[in-house]
Q: 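Below: one structure in structure tokens.
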2 protein chains.
Amino acid sequence: MPVTIKVNEETFTPRQQAVLTAALDLLVENGDGLTMTAVARRASCSKETLYKWFGDRDGLLTATVQWQAAKVRMPVVDRSHLNAKALRLSIEQFARDLLTVITGEVSITLNRTAVTHAAQEKDSLGIIVLENGPLAIRRRLKPILEAGRDARLLRFDSSEDAYRTFFGLVVRDVQIRLLLGDKALTQSNVEANIEADVKAATDQFFALYGAKANP
Amino acid sequence: MPVTIKVNEETFTPRQQAVLTAALDLLVENGDGLTMTAVARRASCSKETLYKWFGDRDGLLTATVQWQAAKVRMPVVDRSHLNAKALRLSIEQFARDLLTVITGEVSITLNRTAVTHAAQEKDSLGIIVLENGPLAIRRRLKPILEAGRDARLLRFDSSEDAYRTFFGLVVRDVQIRLLLGDKALTQSNVEANIEADVKAATDQFFALYGAKANP
DNA sequence: CCGCAGGCGTACCGTACGGTACGGTTCCAG
DNA sequence: CTGGAACCGTACCGTACGGTACGCCTGCGG
């Protein structure tokens with residue numbers, strides 16, 4: 001059984017990327033019903049090629065998730081002159097990005113796929129999703145938070161705790177409800193409220209961690 | 001194809017409950033690999049009986065989730081004399097219950113199963129899990145919050161928003177990381193920190209919604 | 001004692017799908 | 001022009017699993 005998982009290798013030929021796009025499309029529209037035959041037909045390639053390129057079904061799945069997750073790129077925040085207003089805008093931007101990503105159809109599909117995968121003692125997809133989702137935001141947000149603390153604009157002991165509180169304030173129960181297919185949370189319904197939610201979460205975050213807040 | 005989904009009928013004979021217990025055990029230990037043959041063997045019953053009782057595989061799955069989810073019962077909080085201390089203890093208790101439930105192995109399994117199910121345009125399991133998980137807590141917490149507001153101990157416009165903020169402060173990124181199989185979050189690791197997390201979340205909740213907090 | 005309903009165990013069927021093999025085509029190097 | 005590498009399309013294989021059929025046993029009402 002050829003494994004050849006190219007986890008840390010995101011270089012795919014255009015043809016391979018076309019295959020991955022087809023796989024992702026099938027994943028999004030058809031739910032979990034991703035079959036090798038379907039991918040081959042959709043991408044107009046042979047199954048043999050799929051197996052040559054990706055090893056097995058898991059390899060194809062991993063490559064798809066890896067490749068797509070890596071495409072999520074958050075805007076870099078200017079950290080040079082960090083007054084109160086700029087900090088607040090940065091935080092708001094992170095909240096907006098986070099909400100936009102997790103409510104997107106692709107993100108929901110990828111998270112569902114990874115959760116399903118994790119239910120079978122396979123945690124590779126979960127790690128990839130975590131790494132490119134929450135943890136990516138954390139890596140980018142933490143320096144901002146610490147810069148804010150250095151500038152006496154924020155107050156906290158652990159930037160890790162501050163980040164996780166931020167995550168909770170922003171995401172709340174939206175992600176789990178979307179993953180569970182809650183019909184009351186249509187995507188348009190959520191998107192319409194993103195701005196209000198962003199503002200509310202940012203207000204609450206500053207209420208808890210702003211310099212003027214109680215220690 | 002006999003359907004006979006007994007969604008609002010949680011009366012199962014002891015023999016049927018033994019079957020459901022076997023199904024749940026298999027689900028927990030074997031992940032997604034729940035096969036009718038395995039359940040029949042584990043429960044020492046025939047597949048034909050399974051199909052007679054539960055219709056099909058989905059029916060068995062639904063009955064299992066429904067039956068188990070309904071077993072989660074949260075303690076009722078005394079609402080009669082609601083001073084500040086009692087309110088705080090109640091809130092803490094809800095936070096503790098919520099964290100304890102969602103970090104439990106059974107809850108993780110059920111949520112994973114429901115998410116997997118939702119990836120196939122089947123939202124019945126998701127609804128059941130939602131209904132008996134977050135929404136059950138919401139139903140019980142909201143009256144407490146509103147009583148707290150009536151007693152001038154809390155301040156908020158929408159009890160819905162207050163509840164969802166509470167959920168976010170308590171759950172943060174723990175649930176999604178557990179569902180994705182994050183190895184850094186072993187169950188024991190989380191359980192050891194539950195008390196500290198409960199206190200922190202409650203503190204933050206009161207900082208945001210306590211009567212003395214900024215409007 | 002008889003008959004039958006309920007249920008166990010097992011054999012069986014059909015199908016879907018992962019994975020492989022193979023012939024045919026295109027394209028490029030020499 | 002020729003050999004070969006890459007790849008497409010498709011046929012094929014093996015297996016796992018959902019669902020059904022059937023034979024047998026047990027308990028119980030009459």
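Residue numbering restarts at 1 for every chain, and letters A, B, ... go by the order of the sequence lines. None of the values given here were measured: they were computed from a predicted structure.
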Q: Which nucleotide in the list dC22(D), dT20(D), dC8(C) gets nearest to the side chain of Tyr51(B)?
A: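 Closest of the options to the side chain of Tyr51(B): dT20(D).
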Q: Rounded to whole angstroms, how far apart are CG on Asp56(A) and C1' on dT20(C)?
A: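 Rounded to whole Å, this separation is 14 Å.
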Q: Would you check if the side chain of Gln93(A) reaches a backbone N or O of Ser90(A) as a donor-acceptor pair within less than 3.5 Å?
A: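 The answer is no, because no donor-acceptor pair under 3.5 Å joins these two groups.
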Q: Tell me which nucleotide among dG19(D), dC8(D), dG19(C) gets nearest to the side chain of Arg57(A).
A: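 For the Arg57(A) side chain, the nearest candidate turns out to be dG19(C).
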Q: Can you identify which nucleotide, out of dG7(C), dC7(D), dC22(D), has its nearest atom closest to the Lys52(B) side chain?
A: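 Selected nucleotide (nearest to the side chain): dG7(C).
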Q: Using a heavy-atom cut-off of under 4.0 Å over every strand shown, decide if Leu60(A) touches base, sugar-phosphate, or nothing.
A: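 The residue Leu60(A) makes no contact with any strand.
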Q: Do side-chain atoms of Asn111(A) reach the backbone of Ser107(A) as a donor and acceptor pair under 3.5 angstrom?
A: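 Flag set: sc Asn111(A) to bb Ser107(A) pair under 3.5 Å.
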Q: Check the interface with nucleotides 11-16 of chain D: list each N/O to N/O pair with the protein under 3.5 Å, or write none.
A:
none

Q: Which part of the nucleic acid does Leu34(B) contact within heavy-atom distance under 4.0 Å: base, sugar-phosphate only, or nothing?
A: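 Counting heavy atoms under 4.0 Å across all strands, the contact made by Leu34(B) is with sugar-phosphate only.
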Q: How many whole angstroms separate atom CZ of Arg42(B) from atom P of dC8(C)?
A: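 The answer, rounded to whole Å, is 16 Å.
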Q: Strictly distance-based, threshold 3.5 Å: is any side-chain N or O of Asn193(B) a donor or acceptor partner for the main-chain N or O of Ala196(B)?
A: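 No; judged by distance alone, with no hydrogens or angles, the pair does not exist.
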Q: Has the side chain of Thr103(B) got a donor or acceptor atom that lies under 3.5 Å from a matching backbone atom of Leu99(B)?
A: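 Yes, the answer is positive, given that a donor and an acceptor are paired below the 3.5 Å cut-off.
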Q: Can you tell me the distance, in whole Å, between the CG atom of Leu50(A) and the C1' atom of dC17(C)?
A: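 About 14 Å, once rounded to whole Å.
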Q: Taking only the side-chain heavy atoms of Met36(A) (C-beta and beyond), determine which of dG18(C), dC7(D), dG19(D) contains the nearest atom.
A: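 Output: dG18(C).
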Q: If you fit an axis to the five pairs at each end of the helix from dC1(C)-dG30(D) to dG30(C)-dC1(D), how big is the angle between those two axes, to 10 degrees?
A: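 Here the helix ends are tilted 10° relative to one another.
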Q: Roughly, in whole Å, what's the span from CG in Leu61(A) to P in dC17(C)?
A: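 Value for this atom pair: 15 Å.
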Q: Report all side-chain donor-acceptor pairs from residues 159-168 of chain A shorter than 3.5 Å, counting only partners two or more places apart or in another chain.
A:
residue   : atom : partner   : partner atom : Å
Ser159(A) : OG   : Glu146(A) : OE2          : 3.0
Glu160(A) : OE1  : Arg138(A) : NH1          : 2.9
Glu160(A) : OE1  : Lys142(A) : NZ           : 2.8
Glu160(A) : OE2  : Arg138(A) : NH1          : 3.0
Tyr163(A) : OH   : Pro134(A) : O            : 3.0
Arg164(A) : NE   : Asp173(B) : OD1          : 3.0
Arg164(A) : NH2  : Asp173(B) : OD1          : 3.2
Thr165(A) : OG1  : Asp161(A) : O            : 3.0
Thr165(A) : OG1  : Tyr209(A) : OH           : 3.1
Thr165(A) : OG1  : Arg172(B) : NH2          : 3.3
Thr165(A) : OG1  : Gln204(B) : NE2          : 3.3

Q: Considering just the side-chain nitrogens and oxygens of Ser46(B), establish if one lies under 4.0 Å of OP1 or OP2 belonging to dG9(C).
A: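 Result: no.
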Q: Which nucleotide wins on minimum distance to the side chain of Arg15(A), given the candidates dC8(D), dC22(D), dG19(D)?
A: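 Nearest to the side chain of Arg15(A) among the choices is dC8(D).
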Q: Between Trp53(A) and dA6(D), is there a contact of a side-chain N or O with OP1 or OP2 at under 4.0 Å?
A: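 No, outside the criterion.
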Q: Hey, is NZ on Lys183(A) packed in by over 12 heavy atoms from elsewhere, all under 6.0 Å?
A: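 Counting other residues, nucleotides and ligands, NZ of Lys183(A) stays at 12 neighbours or fewer.
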Q: With sequence neighbours left out, which residue pairs that include part of residues 33-50 of chain B fulfil the salt bridge (charged side-chain N to carboxylate O under 4.0 Å, His left out) condition?
A: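 Passing the test, one end in residues 33-50 of chain B: Glu29(B)-Arg42(B).
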Q: Using atom types as modelled, flag every donor-acceptor pair under 3.5 Å from a side chain in residues 116-126 of chain A to any protein atom, sequence neighbours excluded.
A:
residue   : atom : partner   : partner atom : Å
Thr116(A) : OG1  : Arg112(A) : O            : 2.9
Thr116(A) : OG1  : Thr116(B) : OG1          : 3.0
His117(A) : NE2  : Asp58(A)  : OD2          : 3.3

Q: Can you name the salt bridge (Lys or Arg N to Asp or Glu O under 4.0 Å) partners of Glu195(A), sequence neighbours left out?
A: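 Testing Glu195(A) for salt bridge (Lys or Arg N to Asp or Glu O under 4.0 Å), a comparison that skips the adjacent residues, returns Arg96(A).
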Q: In whole angstrom, what separates Gln120(B)'s CD from dC17(C)'s C1'?
A: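 From Gln120(B) CD to dC17(C) C1': 15 Å.
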